[in-house]
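Written out below as structure tokens is the structure these notes cover.
The sequence lines fix the lettering, A, B, ..., with proteins before strands; numbering per chain opens at 1.
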Protein chains: 2
Amino acid sequence: MEKATIIFQPSGQRGKISKGKNVLYAARELGENIESLCGGKGSCGKCKVLIAEGHFPKYGVTSHRKNLSRWQKTEANFINTTQKNKGLRLACCAVIKDDALVFVPEESRASKQIVSKRPRLIPVDYDPVVKKYDLIMDPPAAADARGDLERILSGLNVQYGLKDLGCDIDSLYSCDIDVLKHLPIRLRDQNWHVTVSVWMDREIIRILPGRMPDTYGISIDIGTTTVVASLVHLNSVRILDTQYIMNPQVKYGEDVISRINYHLQNKDGLRQMSMDIREALNSMIKALLRSTWPEDNNWTETAEKSDYPDVQKQREKTDDKFLCLVPEDIEDAIIVGNTIMHHILLQLDPRHVALSPFPPVVQKSLNIKARNLGIDICPSAYVHILPNEAGFVGADNVAVLTAEAPYKGDRIQLIIDIGTNGELVLGNRERLLSTSCATGPAFEGAEITHGMRAAPGAIERIAVDPETHEVMYKVVANDAWSNYVKTGELKTRGICGSGIMDILAEFYQTGIIDKSGAFQKKQKSPRYRVNPDTRLKEFVIAWAEETTIGRDITITQKDIRHIQLAKAAIYAGCKLLMREWGTDRIDVVKIAGGFGLHIDPVKMLIMGMIPDCDPEQIVPVGNAAGTGALITLLSREKRSESDWVARMVKYVDLASLPGFKDEFIEALQIPHKNDSFPHLKPIVSPKILFQE
Amino acid sequence: MEKATIIFQPSGQRGKISKGKNVLYAARELGENIESLCGGKGSCGKCKVLIAEGHFPKYGVTSHRKNLSRWQKTEANFINTTQKNKGLRLACCAVIKDDALVFVPEESRASKQIVSKRPRLIPVDYDPVVKKYDLIMDPPAAADARGDLERILSGLNVQYGLKDLGCDIDSLYSCDIDVLKHLPIRLRDQNWHVTVSVWMDREIIRILPGRMPDTYGISIDIGTTTVVASLVHLNSVRILDTQYIMNPQVKYGEDVISRINYHLQNKDGLRQMSMDIREALNSMIKALLRSTWPEDNNWTETAEKSDYPDVQKQREKTDDKFLCLVPEDIEDAIIVGNTIMHHILLQLDPRHVALSPFPPVVQKSLNIKARNLGIDICPSAYVHILPNEAGFVGADNVAVLTAEAPYKGDRIQLIIDIGTNGELVLGNRERLLSTSCATGPAFEGAEITHGMRAAPGAIERIAVDPETHEVMYKVVANDAWSNYVKTGELKTRGICGSGIMDILAEFYQTGIIDKSGAFQKKQKSPRYRVNPDTRLKEFVIAWAEETTIGRDITITQKDIRHIQLAKAAIYAGCKLLMREWGTDRIDVVKIAGGFGLHIDPVKMLIMGMIPDCDPEQIVPVGNAAGTGALITLLSREKRSESDWVARMVKYVDLASLPGFKDEFIEALQIPHKNDSFPHLKPIVSPKILFQE
């Protein structure tokens with residue numbers, strides 16, 4: 001099949017396309033985004049393109065309208081005579097007969113819809129912060145001996161309208177110094193054809209020889225316990241790989257306060273912890289990159305420290321299906337984390353964040369050169385660190401907000417992110433309030449006698465038979481409930497967060513405990529006992545023979561108190577935020593965190609963790625912080641929205657509000673006495689709910 | 001004597017001043033710049049100031065108009081009743097009786113006039129790129145728990161109108177990451193009173209506790225042979241110390257071409273040469289800083305790597321008269337150099353600069369973080385590298401132009417900077433042309449049999465008696481001429497550049513050589529001879545017994561040819577530039593370089609190095625590149641002017657012009673045949689000048 005050269009402008013996408021195919025086909029084949037609602041049937045008129053006339057020596061093509069099939073009647077439905085005379089066509093109607101240079105007007109360009117991994121689809125306009133420009137220049141000549149950089153700046157200006165890079169005052173940042181070092185060789189490698197990566201329209205961060213449109217980025221979420229990093233192919237909005245590791249700072253303490261103490265007690269502590277997390281990030285980045293190389297290839301030697309041309313050769317040798325990415329290929333990065341993780345990474349003294357009135361060192365977002373931060377990606381690239389809202393509400397919460405965008409609608413949303421602290425945001429387009437409640441680590445399994453992390457053998461769901469008070473449970477990574485398997489098969493080891501969340505509601509609904517959280521005096525089941533060693537009242541969830549730990553897994557009266565304190569902190573926080581905001585209803589409750597995915601909304605209401613609302617409107621939103629980080633990697637608008645929302649949210653210090661203690665004490669009850677559960681009535685018997 | 005606290009705003013300058021002194025005196029004492037043309041006699045009316053009313057808790061003062069002496073009649077000549085009622089006074093008339101807060105309106109602020117070291121005064125408006133802001137803030141409170149940085153940004157905005165640092169989009173660069181690391185401690189050290197250094201109104205590069213208004217910068221001129229660095233106290237426009245060293249790259253070759261060759265022949269050559277110059281710069285910076293410490297103080301241990309507070313303590317211990325500066329105190333730096341020195345420093349591949357059409361990697365000026373460039377000053381500071389004009393005319397020439405500003409007047413100026421290459425610029429406000437002529441290193445003493453650098457023992461002036469052809473000479477660093485001292489006393493060792501420049505004119509005027517540069521057949525003096533070993537004709541300048549080298553110092557026929565080639569290159573370059581520009585006259589000739597200071601204008605005309613012009617208008621301008629570097633350190637306007645002029649100058653490639661060879665061959669004659677020397681007639685006999 002004979003082929004023709006098709007060039008799309010202004011993107012510079014181009015390639016050989018079989019004659020007989022239409023322009024819309026060519027666009028899809030070459031990765032050009034042209035809008036087409038009807039899918040190429042000529043019925044939506046969205047795929048208007050302009051066919052250029054003339055010879056284009058740079059590309060070695062001559063483009064003519066007659067190089068495309070004749071005008072079709074259906075095109076006249078969308079293109080008037082004046083436009084037709086200018087050369088406008090519908091891409092789906094214009095069949096390729098010979099070479100053509102096709103200009104795609106702004107309104108015909110499709111905005112890519114992107115989807116966050118899970119659980120919810122978040123459409124954003126694809127508009128990355130780092131953009132690549134395909135540039136073909138004339139080589140230097142006696143009459144034009146400008147500098148190499150000046151040649152590129154003028155090309156970007158003339159061909160793409162990037163003016164700010166070139167003019168005197170705004171050009172302070174026009175090109176990174178490392179890029180200049182490679183400039184002469186990369187310009188001349190493919191005969192003055194290069195791909196230029198430009199950050200925020202204002203700084204060149206990389207130049208590659210020839211046409212290299214693929215852009216890669218990473219999004220990183222630094223949790224107190226877990227660090228997650230994803231490698232993303234920005235052009236296709238595809239997550240290539242995700243790595244999870246435990247935050248190495250855990251060795252200095254489980255929670256943020258113990259990390260701050262380590263800093264206060266060790267002169268070099270802050271630098272140590274910062275180095276630890278940087279090393280961890282670099283090992284994750286290495287693993288992400290390695291996933292793009294064939295297994296037998298000793299990539300570290302060839303790729304890690306080498307100059308571009310060597311790696312290029314390596315790639316040419318390698319099988320096509322491997323991308324063989326090197327650190328320099330990662331040209332953008334987003335980091336989110338709570339305020340303390342943020343400060344430790346950047347070696348900012350976090351001590352004042354823990355002291356009233358808890359001022360952080362910095363709230364605004366930061367752009368730090370990767371080489372200055374010590375992160376092994378393209379050294380000229382900027383790492384963007386999302387802003388902190390306040391001392392106890394950090395960039396991770398900003399990411400959650402940017403993903404969920406409660407500020408875009410009228411419905412009053414309550415977003416709950418439960419970790420070691422509970423972070424709450426309440427509001428809508430009018431106003432957003434945030435706060436942090438000291439839940440303690442009960443929901444993470446700490447402080448609970450048999451609490452543990454969500455790992456194999458951890459009980460993640462608990463159900464109690466209302467008649468017999470027999471217990472059924474389910475463990476992580478196994479679909480079977482305990483009553484359907486052989487004793488010991490589940491290798492039960494403890495109870496993780498979501499299992500802990502079931503306890504209050506199950507115990508209360510079945511009458512094992514009363515409204516105050518105390519064990520009822522009369523119990524139906526031998527599972528209830530007073531432990532002869534500890535002298536604590538306790539209830540057995542799993543008998544010793546079902547476990548791998550050789551003893552009964554129980555919930556003690558003390559455990560119940562810890563859970564009550566945690567849930568009361570959240571309930572009181574919600575109530576006070578509602579009062580501050582001036583609303584007595586919540587339209588939607590969103591539970592963020594992997595944790596939230598296993599939560600039963602009805603049980604959350606019954607245990608009295610959130611104020612009364614329609615359980616249908618309690619939705620888990622999964623790793624919303626990760627989603628937020630990802631979308632700020634893909635959308636410049638979302639990135640600036642995150643700056644804006646961090647300022648828009650007003651932080652409320654619960655402890656400073658009048659009535660906090662009263663609300664908190666009332667909230668200890670199961671369920672909260674003021675809630676009437678209109679939505680729950682058909683499900684839960686009022687008799688059980690309101691027994692005294 | 002009782003004292004009162006006087007505070008000047010908006011600068012924040014303040015201190016205790018004896019009661020009874022006037023406000024103008026206080027201003028001078030405290031370093032506040034108030035305009036005063038009459039010197040405080042009340043007759044110019046320039047020193048208007050506004051006395052604030054009220055209590056200022058931040059400063060702990062209560063300011064009242066009545067805290068100053070009563071209104072004087074003479075003030076009414078310059079201040080009307082409305083202004084008087086607002087509190088306006090003449091600073092020279094208002095005598096201090098008690099505390100006062102004095103606001104200095106913009107029009108009363110004096111712009112400092114600065115003076116380049118030598119030889120010419122260059123007035124520039126003092127407007128440094130790094131400015132210091134005195135800031136007193138309220139500490140965090142429950143109702144205001146903003147981040148530390150946000151508190152500062154809002155202070156800068158409210159108190160000084162620095163808006164760009166604070167808003168979302170333009171705040172990408174608002175604060176350097178290293179500054180954030182020290183932020184909490186420096187803010188709290190003096191109870192929320194800090195001095196903030198802001199670069200280009202857009203980035204905070206340093207924060208110090210308390211009031212620390214002094215700013216220091218360095219200007220560096222990297223020559224192929226010599227490197228010069230000056231430490232400047234910007235506030236007082238005072239050069240504290242200057243260091244000179246030989247460029248350590250000299251070991252790779254004397255001229256730029258041999259440096260490029262070293263790079264081409266050694267894989268690691270570029271990095272090596274770059275490291276050498278960086279190390280040299282750092283050793284110079286260390287020496288400059290050391291000059292501000294007392295001699296017996298082992299400053300390196302305390303200052304070099306220490307955190308701010310330690311150094312502060314050290315300073316408090318030290319005698320007042322020593323500044324005890326540390327690397328962090330240098331907050332601005334300017335680097336100039338020719339294009340090759342520029343490229344090597346930055347590790348930019350210089351090979352293409354030596355190949356037609358000689359494109360540099362970059363022309364525009366660059367701002368590089370000191371820590372990324374590896375220069376040991378304040379790591380967050382920017383090093384500003386002046387732009388290159390073209391491949392062979394570098395940032396050093398831009399500095400010369402910025403200092404001399406030929407583009408500001410109508411007179412046509414020719415600026416000659418003679419080094420290994422001769423750099424010429426011709427023009428006025430209409431147009432500037434530049435070129436580089438291959439003079440070879442003859443004027444630097446190379447290629448000449450007894451040539452040497454300007455060092456003790458080097459002959460720097462030569463005079464020949466027209467009757468006897470006896471020779472008198474003068475050596476570097478000694479005022480006496482050879483005929484006034486005892487034989488051997490001058491310890492003569494060779495001839496340096498300015499001595500070499502005397503030879504053609506002296507030899508020609510006295511008839512030792514003819515118009516073509518050949519020795520006359522008949523000679524009057526036994527100093528002329530044919531060397532029996534080399535068989536070259538030669539003329540003895542100094543007899544062996546006068547020297548420390550044990551043999552006669554001579555000028556050979558070959559030496560004369562080298563000098564002729566060099567001077568002809570410059571002459572032909574001038575002529576061709578004049579033709580390109582379209583002028584047959586030059587109004588002013590400026591000779592740049594330390595070298596130019598010893599040149600006799602008349603001799604330059606006679607030897608035929610520059611086209612005919614009024615010798616009164618041939619002026620030496622000394623180290624104009626150094627002056628240019630210094631003023632771009634002091635004036636933001638001059639810095640942006642340097643960017644502008646680098647683009648305005650059009651580089652002319654002499655070799656590409658028709659008639660270059662003819663001009664060059666004609667220019668070999670002494671003097672040039674077309675010159676009529678109207679100005680020289682009374683001085684030089686036409687008989688001698690035009691003998692055949």
Side-chain angles (χ1 to χ4, degrees), chain A residues 139-151 153 166 168-169 171-175 177-178 180-185 188 200 202 270 346-352 356-369 371-373 382 388 390-391 640 643-644 647 651 653 655-656, chain B residues 139-151 153 166 168-169 171-175 177-178 180-185 188 200 202 270 346-352 356-369 371-373 382 387-388 390-391 640 643-644 647 651 653 656:
Chain A
D144 172 17
R146 280 174 301 171
D148 289 350
L149 176 62
E150 279 66 25
R151 199 168 298 276
L153 292 176
D168 278 340
I169 296 307
S171 64
L172 291 170
Y173 308 97
S174 69
C175 187
I177 180 68
D178 272 0
L180 289 177
K181 290 182 190 166
H182 300 293
L183 196 51
I185 194 166
R188 287 159 181 90
M200 290 289 273
R202 66 172 81 186
L270 186 59
L346 301 178
Q347 287 186 53
L348 308 181
D349 186 351
R351 79 181 71 191
H352 304 286
S356 174
F358 320 109
V361 176
V362 57
Q363 290 171 281
K364 67 193 293 294
S365 64
L366 298 170
N367 295 290
I368 304 173
K369 283 271 176 191
R371 64 164 161 268
N372 289 338
L373 193 57
Y382 284 93
N388 295 312
S640 100
D643 281 325
W644 171 84
R647 294 183 182 217
Y651 179 76
D653 181 10
S656 72
Chain B
D144 172 17
R146 280 174 301 170
D148 289 350
L149 177 62
E150 278 67 25
R151 198 167 298 275
L153 292 177
D168 277 339
I169 296 306
S171 65
L172 292 169
Y173 308 97
S174 70
C175 187
I177 180 69
D178 272 1
L180 290 178
K181 290 181 191 165
H182 301 293
L183 197 51
I185 191 165
R188 289 160 179 89
M200 289 290 273
R202 65 171 82 184
L270 185 58
L346 301 177
Q347 288 187 50
L348 308 181
D349 186 351
R351 79 181 73 191
H352 304 286
S356 174
F358 320 110
V361 175
V362 56
Q363 289 172 282
K364 68 194 291 296
S365 63
L366 298 170
N367 296 291
I368 303 172
K369 283 273 178 192
R371 63 165 162 268
N372 289 339
L373 193 57
Y382 284 94
N388 295 312
S640 101
D643 282 327
W644 171 84
R647 293 184 183 217
Y651 180 75
D653 180 9
S656 74

**Complete:** Given Leu149(A), Leu183(A), Val361(A), the one with more heavy-atom pairs under 4.5 angstrom with chain B than any other is Val361(A)
**Asked** Heavy-atom distance under 4.5 Å to chain B: side chain of Asn372(A), backbone, both or neither?
**Response** side chain
**Request:** Pick one of side chain, backbone, both or neither for Leu180(A), based on which atoms fall under 4.5 Å of a heavy atom in chain B.
**Result:** both
**Contact class of Asp349(A) relative to chain B, heavy atoms under 4.5 angstrom** = both
**Leu346(A) versus chain B, the contacting section by heavy-atom distance below 4.5 Å** = both
**Asked** Would you say the side chain of Lys364(B) lies within less than 4.5 Å of the side chain of Ser174(A), judging by non-hydrogen atoms?
**Response** yes
**Item:** Closest non-hydrogen atom pair between Ala145(A) and Pro357(B), with its separation
**Value:** CB-O, 3.1 Å
**Item:** CG on Leu270(B) to NZ on Lys181(A), rounded to 0.5 Å
**Value:** 9.0 Å
**Audit row: Arg188(A), His352(B), side-chain contact (heavy atoms from CB on, under 4.5 Å) steps and yes/no** = CA-CA 11 Å; Arg188(A) 287 159 181 90; His352(B) 304 286; 3.2 Å; yes
**Prompt:** Distance-only, no hydrogens or angles: does the Gln363(B) side chain make a donor-acceptor pair with backbone N or O of Glu150(A) under 3.5 Å?
**Reply:** no
**Request:** Examine whether an atom of Ala390(B) lies under 4.5 Å from a heavy atom of chain A, and if so say whether it belongs to the side chain, the backbone or both; otherwise answer neither.
**Result:** neither
**Prompt:** When heavy-atom pairs shorter than 4.5 Å are enumerated against chain B, which of Ala655(A), Ser656(A), Pro359(A) gives the highest number?
**Reply:** Pro359(A)
**Request:** Select one option (side chain, backbone, both, neither) describing which atoms of Arg371(A) are under 4.5 Å from chain B's heavy atoms.
**Result:** side chain
